[in-house]
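Single-structure report; data block below.
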Amino acid sequence: MTQLLLLLVALLVLGHVPPGRSEFKRCWKGQGACRTYCTRQETYMHLCPDASLCCLSYALKPPRVPKSEYE
């Protein structure tokens, strides 16, 4: 009986823990996160609607287009 009660309490506690990625809003087609500061592995792309930074991982950053293609 004690084990069943312990299991029930553990399941109730785990059910109320929010998922890890829910703390930041998503941006850049779901690839970036709106934050106050970007981490060292991220770069700033643009501003989110709430004026925070849209931080995108360097691995996901789109490549720069050379100027010669503009002309």
- Query: Would Cys27 and Cys48 count as a disulfide (SG to SG under 2.5 Å) if you check the C-alpha gap in whole Å, the side-chain angles of each, and the deciding distance to 0.1 Å?
  - Reply: CA-CA 7 Å; Cys27 59; Cys48 292; 4.0 Å; no
- Message: How long is the straight-line distance from CD of Gln31 back to OG of Ser57, given to the nearest 0.5 Å?
- Response: 9.5 Å
- Message: Tell me which pairs pass side chain to side chain donor-acceptor pair (under 3.5 Å) where either residue lies in residues 4-13, with sequence neighbours left out.
- Response: none
- Message: Would you compute the distance between atom NE2 of His46 and atom CG of Leu56 and round it to the nearest 0.5 angstrom?
- Response: 8.5 Å
- Item | Members besides Leu47 in its Ile/Leu/Val/Met/Phe/Trp/Tyr cluster (side-chain heavy atoms under 4.5 Å) | Tyr44, Leu53
- Note on the structure: Residue pairs meeting salt bridge (Lys or Arg N to Asp or Glu O under 4.0 Å), one or both in residues 27-40, sequence neighbours left out, come to Arg35-Glu42
- Task: Determine if the SG-SG distance between Cys54 and Cys34 falls under 2.5 Å.
- Result: no
